[in-house]
K.L.:
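Questions regarding the structure given below will be posed in turn.
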2 protein chains.
Amino acid sequence: MDDQTVSTQSVLRALANEKRMQMLEWLLDPTAHFPAQRDGDLVDDGVCVGAITDKIGLSQPTVTNHLRTLADAKLVTSRQIKNWVFYKADRTAVLDALTNLRSRFET
Amino acid sequence: MDDQTVSTQSVLRALANEKRMQMLEWLLDPTAHFPAQRDGDLVDDGVCVGAITDKIGLSQPTVTNHLRTLADAKLVTSRQIKNWVFYKADRTAVLDALTNLRSRFET
DNA sequence: CATCCATATAGCAAGTTACCTATATTGCCT
DNA sequence: AGGCAATATAGGTAACTTGCTATATGGATG
């Protein structure tokens, strides 16, 4: 329950930034937002950092940092393939977090 | 829609702080968390700043500031009676904001 | 009208966040 | 092995957040 509190806060902090919100929305529907990748399937593996960096217009380290924040909140997962790291949204985790949040506010 | 974006962010920023989350939860069920007030009904009028200040253990100006953040996000409303200001949670606004947020993440 | 009480505003300090550039790390390829 | 490519880490700066104390404001009351 205290653990719950911490995690809800980390989710809220992760979402309370437009750039991260944008990235998460893109990652939830990667084929709509990113070109196909040579190594790694957009849907199965996720989107590589470079593609996100190109699209969002921030430096690569800043993007890596935002992705870490999303990962800390368990909203995205990452996997390494060769020397790429692919980030993938966890839709279930996102929706569960919101359900959880909502339950705090219902009577 | 851009307006929507801004407002979603203000809601998320408002909730992404434990003290404000706490206050909002209290304000959603005031009778469970605050003693009856002489001037102003807890449910109908809301909770006065002083009562919130006593309970949360922050200075009065800090509490006023947090309440403003919640009010900017439209999660609470305020009304003045005599020289008290009563803050009241807007449950509908809270739930609508979450519904709205969720709709961004559904397929 | 003087004062008191409740809240708001001003202004400041400390901590955190968001961004950058430079560099390290790691894996691949010739 | 050497170099290239992709990402992570380090380190620095500016802006924002969170808290405080001191003070202003404005209604109520003796």
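A, B, ... follow the sequence lines: proteins, then strands. Residue 1 opens every chain.
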K.L.:
Whole Å only: how far is the CG atom of A:D72 from the P atom of C:dT16?
P.N.:
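One finds 15 Å between P of C:dT16 and CG of A:D72, rounded.
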K.L.:
Check whether any side-chain N or O of B:N17 sits under 4.0 Å from OP1 or OP2 of D:dT18, and answer yes or no.
P.N.:
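Yes, because at least one side-chain N or O of B:N17 sits under 4.0 Å from OP1 or OP2 of D:dT18.
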K.L.:
Which nucleotide in the set D:dG19, D:dA8, C:dT7 lies at the smallest distance from any side-chain heavy atom of B:V49?
P.N.:
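Ranking D:dG19, D:dA8, C:dT7 by closest atom to the B:V49 side chain puts C:dT7 first.
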K.L.:
With a 4.0 Å limit, can you tell me whether A:K82 has a side-chain N or O closer than that to the phosphate oxygens OP1/OP2 of D:dA5?
P.N.:
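So the side-chain polar atoms of A:K82 never come under 4.0 Å of the phosphate oxygens OP1 or OP2 of D:dA5.
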K.L.:
Are there any protein N/O atoms within less than 3.5 Å of an N/O atom in nucleotides 20-26 of chain C, and if so, which ones and at what distance?
P.N.:
{"unit_1": "C:dC20", "atom_1": "OP2", "unit_2": "A:S59", "atom_2": "N", "d": "2.8"}
{"unit_1": "C:dC20", "atom_1": "OP2", "unit_2": "A:S59", "atom_2": "OG", "d": "2.7"}
{"unit_1": "C:dC20", "atom_1": "OP2", "unit_2": "A:T62", "atom_2": "OG1", "d": "2.8"}

K.L.:
Establish, with yes or no, whether the OP1 or OP2 oxygen of D:dC16 is under 4.0 angstrom from a side-chain nitrogen or oxygen of B:R13.
P.N.:
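No, no such contact exists.
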K.L.:
For D:dT17, does OP1 or OP2 lie under 4.0 Å from any side-chain N or O of B:H66?
P.N.:
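Answer is no, no contact under 4.0 Å.
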K.L.:
Just N and O in the side chain of A:Y87: are any of them under 4.0 Å from OP1 or OP2 of D:dA8?
P.N.:
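Looking at the OP1 and OP2 atoms of D:dA8, one of them is under 4.0 Å from a side-chain N or O of A:Y87.
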K.L.:
Near DNA chain C, under 4.0 Å by heavy atom, which residues of residues 36-43 of chain A?
P.N.:
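Those residues whose heavy atoms fall under 4.0 Å from DNA chain C, taken from residues 36-43 of chain A, amount to none.
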K.L.:
Can you name the salt bridge (charged side-chain N to carboxylate O under 4.0 Å, His left out) partners of B:D39, sequence neighbours left out?
P.N.:
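For B:D39 the salt bridge (charged side-chain N to carboxylate O under 4.0 Å, His left out) partners, ignoring immediate neighbours, are B:K82.
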K.L.:
Need to verify one output field. Residue with the more 5' nearest nucleotide on DNA chain C, B:N65 or A:I81?
P.N.:
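Per heavy-atom nearest nucleotide, the more 5' residue is B:N65.
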K.L.:
How long is the line joining CH2 of A:W84 and C1' of C:dC29, in whole Å?
P.N.:
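Distance check: A:W84 CH2 to C:dC29 C1' gives 12 Å.
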K.L.:
Salt bridge check, A:R79 against A:D45: does any charged N sit closer than 4.0 Å to a carboxylate O?
P.N.:
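Looking at A:D45 and A:R79, the cut-off is met.
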K.L.:
C:dT7, OP1 or OP2 - any side-chain N/O from B:T64 closer than 4.0 Å?
P.N.:
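Indeed not, no polar side-chain atom of B:T64 lies that close.
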K.L.:
Who are the side-chain hydrogen bond (donor to acceptor under 3.5 Å, both in side chains) partners of B:D90, not counting sequence neighbours?
P.N.:
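Residues passing side-chain hydrogen bond (donor to acceptor under 3.5 Å, both in side chains) with B:D90: none at all.
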K.L.:
With B:H33, which residues qualify under side-chain hydrogen bond (donor to acceptor under 3.5 Å, both in side chains), at least two apart?
P.N.:
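Residues passing side-chain hydrogen bond (donor to acceptor under 3.5 Å, both in side chains) with B:H33: none at all.
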K.L.:
Could you give the CG-to-C1' distance, from B:L67 to C:dA8, as a whole number of Å?
P.N.:
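About 12 Å, once rounded to whole Å.
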K.L.:
How long is the line joining CZ of A:R68 and P of C:dT17, in whole Å?
P.N.:
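Rounded to whole Å, this separation is 13 Å.
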K.L.:
Mind calculating the distance between CE (A:M21) and P (C:dA18) to the nearest angstrom?
P.N.:
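To the nearest whole Å, that distance equals 13 Å.
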K.L.:
For atom NZ of B:K74, decide whether the heavy atoms of other residues, nucleotides or ligands shown that lie under 6.0 angstrom number more than 12.
P.N.:
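It does not: B:K74 NZ has 12 such atoms or fewer within range.
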K.L.:
Name all residues meeting the side-chain hydrogen bond (donor to acceptor under 3.5 Å, both in side chains) criterion together with B:T77; count only those two or more places apart in sequence or in a different chain, and write none if there are none.
P.N.:
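side-chain hydrogen bond (donor to acceptor under 3.5 Å, both in side chains) list for B:T77, sorted by chain: empty.
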K.L.:
Are any non-hydrogen side-chain atoms of B:Q80 and B:W84 less than 4.5 angstrom apart?
P.N.:
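No. Closest side-chain heavy atoms not under 4.5 Å.
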